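To keep things clear, I will list the structure first and then write my remarks on it.
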Amino acid sequence: MPSTFSQGNFPLNVESIKHTIDQNPEWQLEEQKPLPQKKVTMELLDHLERLALVDFRNWEGVERLEKAIQFADQLHEVNTEGIEPMDSVLEDRCLYLRGDNITEGNCTKELLQNASQTAEEYFEAPPGNIPLPKLEEHESFLQDSN
Amino acid sequence: MAKPDVNPAIQDGGAHGFLSPAAGFRPGVVSRVSTALKEGQVSPTELCQRCLSLIKATKFLNAYITVTEDTALRQAEESEKRYRRGQSLGDLDGIPVAVKDNFSTTGIETTCASNMLKGYIPPYSATVVQKLLDQGAVLIGKTNLDEFAMGSGSTDGIFGPVRNPWSYSKQYREKCGQNSHLENEDSSWLITGGSSGGSAAAVSSFTCFAALGSDTGGSTRNPAAHCGVVGLKPTYGLVSRHGLIPLVNSMDVPGILTRCVDDAATVLGVLAGHDPKDSTTVQDPFNPFKLPSVIDVSKLCIGIPKEYHIPGLSSETLAVWSKAADLFENAGARVIEVSLPHTCYSIVCYHVLCTAEVASNMARFDGLEYGHRSNMDKSTESMYAATRREGFNDVVRGRILSGNYFLLKQNYEKYFIKAQKVRRLIANDFVNVFSSGVDVLLTPTTLRDAVPYVEFIKEDNRTRSAQDDIFTQAANMSGLPAVSIPTALSEKGLPIGLQFVGRAFQELQLLTVAKWFEKQAKFPILQLQEMLDHADALSHQKISLSS
């Protein structure tokens with residue numbers, strides 16, 4: 001059974017809507033507009049790696065960030081004067097708060113069973129308050145983890 | 001297992017007679033199966049076993065990460081007992097469903113297709129999963145996706161890419177003059193779109209009757225369009241996100257993938273409603289609805305956003321979109337051009353907001369309480385860093401880093417707050433259009449039909465997402481409900497979908513319009529047999545190669 005939209009079935013009588021959809025395309029999907037290249041310093045990269053606790057791994061990662069910034073810079077073309085930022089589409093509603101009653105709990109076993117290292121009822125972590133090494137020392141430090 | 005006698009309900013043109021090609025358009029597949037179950041024409045166990053064997057036969061699609069064979073059969077048996085007692089729980093009782101692997105499922109591995117969660121077994125189920133199970137649905141498996149739902153191809157997960165079932169369809173192979181050179185076919189298979197590609201492929205290839213996806217920028221609607229199934233993104237706040245491993249808290253929504261609009265309404269009826277465990281669900285009472293069978297669109301006003309006509313749109317999709325507008329007008333609806341002026345900034349805005357929220361959401365993965373943990377133990381910080389380095393792929397790491405950049409003190413106002421302001425402008429565009437008398441918007445879902453995998457991977461994930469999300473993600477920004485309906489086959493014999501966007505919480509109206517359109521479009525059924533033959537041939541080839 002031929003579908004309504006099977007090839008060659010179009011009546012091509014789209015007069016009424018032709019002007020709507022057949023107009024020249026409105027705008028271009030442009031990836032990179034020619035904006036001044038953002039300077040991403042080594043200091044910034046190190047800072048981001050510490051904050052994110054994720055590393056760029058190689059220069060490809062850095063390039064990816066630079067492209068992402070360039071892409072995001074297009075936002076500055078938009079006039080947002082007098083516009084409030086929008087956190088949530090449900091901003092006009094009251095956030096639901098339930099009564100302060102205990103409805104669940106006592107699941108220590110379940111919560112601990114997914115952790116790789118536990119001791120009694122604790123999640124075990126390596127010593128804290130030791131900052132990540134400086135950028136120059138990165139390579140040797142992270143190699144140990146592979 | 002003894003082959004059952006040819007059962008009129010399960011014969012003719014495929015594994016399930018409910019898809020008889022002669023029927024063309026089949027309203028309410030789930031309700032028909034449900035009737036068949038009630039009348040004893042088929043049993044839940046039989047149905048379950050058929051789906052399981054079809055999953056095995058279509059393994060090459062790589063749609064499933066986990067197939068929950070034992071639990072599914074157990075659930076099917078329970079369902080059978082209920083039917084025998086005449087106490088079925090509802091339309092979904094005994095119906096095999098699949099769930100995207102970023103929804104937590106008690107006792108069943110939930111990976112998000114990432115090394116970070118490989119082997120992670122949640123101690124609880126997502127609310128939407130529990131609701132399906134409470135209705136007696138049979139959970140047949142967890143489906144494949146892009147890692148942490150980041151992507152538009154379902155190609156970037158650790159379990160490999162998902163193949164579009166239409167790659168093996170009679171329709172595609174005839175149009176592309178495919179012969180049985182298996183090597184050629186094997187390298188020219190098409191993507192499903194993403195990130196809920198596994199769920200879309202599962203529904204499309206008849207291995208389940210409905211599947212859950214997630215939709216943050218179009219991740220349910222995009223693969224729905226490419227796989228020729230219905231993909232619904234409900235209004236933000238209508239369906240609980242509790243248990244959906246979050247990507248962007250202010251935009252994520254569980255998505256519903258089915259073979260027809262009636263089924264989407266059925267599943268929505270089960271899932272929607274306030275959840276005390278998700279404070280972003282609205283408290284308004286939700287009344288499940290059944291869509292009318294007789295629909296009159298003559299009083300409707302359909303809006304065609306002019307900014308959605310962009311150069312990258314394929315001429316075929318443009319023609320289909322145009323023809324759809326005609327259909328409505330010929331039926332008496334008022335079809336008008338509307339403007340969403342900030343459309344061209346929505347991708348950029350999404351890019352900033354998404355990466356910022358991702359940076360925050362991914363912070364929970366540190367190796368301590370669950371998931372992958374690195375052997376590095378010099379310090380907590382270094383353990384976290386190494387764990388995240390080992391657990392996340394480049395796409396995820398890239399978004400985390402970008403997000404953190406936009407959230408830096410010196411950038412917060414310039415990028416994050418700015419993007420939030422632009423978001424309001426985009427949301428207001430929709431408010432303006434809908435308050436001017438438009439009931440529903442009609443747009444394409446994707447730029448074109450599905451592309452071959454080898455072509456898709458030539459561009460990186462971010463570029464692809466920026467291109468592919470273009471029609472879908474404004475609905476996430478504004479929180480509005482949207483649905484992709486399979487409309488026509490392209491010249492290559494591949495599905496083209498069109499999208500309807502509705503007013504907030506007006507899913508009844510949206511789906512009614514979609515159902516009317518679905519009836520008019522009469523989208524053809526995927527011709528399954530070829531795919532099974534291919535699978536047969538593949539396995540024979542493997543046997544001969546190994547001997």
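In what follows, chains are A, B, ... by sequence order, proteins preceding strands, each numbered from 1. In this text the structure is predicted, and so the values were computed from the model without any measurement.
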Rounded to the nearest 0.5 Å, what separation is found between the [atom1] atom of [X] and the [atom2] atom of [Y]?
| X | Y | atom1 | atom2 | answer |
| --- | --- | --- | --- | --- |
| A:Phe56 | B:Asp394 | CZ | CG | 12.0 Å |
| B:Leu401 | A:Asp55 | CG | CG | 8.0 Å |
| B:His351 | A:Leu75 | NE2 | CG | 8.5 Å |

Legend entry - B:Ser279, part contacting chain A, at a heavy-atom distance under 4.5 Å: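 Both backbone and side chain of B:Ser279 come within 4.5 Å of chain A.
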Legend entry - Contacting moiety of B:Gln410, where chain A heavy atoms sit under 4.5 Å: side chain
Would you confirm whether [X], through its side chain, and [Y], through its main-chain N or O, come within 3.5 Å as a donor-acceptor pair?
| X | Y | value |
| --- | --- | --- |
| A:Lys67 | B:Thr463 | no |
| B:Arg397 | A:Val54 | no |
| B:His274 | A:Tyr96 | no |

Legend entry - side chain to side chain contact (heavy atoms under 4.5 Å, CB included) between B:Thr280 and A:Ser88, intermediate numbers included: CA-CA 9 Å; B:Thr280 60; A:Ser88 164; over 6 Å; no
Inset, instruction - Report the C-alpha distance between B:Arg424 and A:Glu91 in whole Å, list the side-chain angles of each, state the deciding distance to 0.1 Å, and finish with yes or no for salt bridge (charged side-chain N to carboxylate O under 4.0 Å, His left out). - result: CA-CA 11 Å; B:Arg424 182 178 298 283; A:Glu91 61 188 2; 2.7 Å; yes
Legend entry - A:Asp87 versus B:Arg423, closest heavy-atom pair with distance: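 Scanning both residues, the minimum pair turns out to be O-NH1, 3.9 Å.
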Legend entry - Check: B:Tyr405 ring centroid to A:His47 ring centroid under 6.0 Å: no
Inset, instruction - Report the C-alpha separation of B:Tyr370 and A:Gln113 in whole Å, then their side-chain angles, then the decisive distance to 0.1 Å, and conclude whether the side chain to side chain contact (heavy atoms under 4.5 Å, CB included) test is met. - result: CA-CA 8 Å; B:Tyr370 45 74; A:Gln113 78 192 13; over 6 Å; no
Legend entry - Pair B:Tyr345-A:Glu77, side-chain donor/acceptor within less than 3.5 Å: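 There is such a pair (donor and acceptor under 3.5 Å, judged by atom type) between the side chains of B:Tyr345 and A:Glu77.
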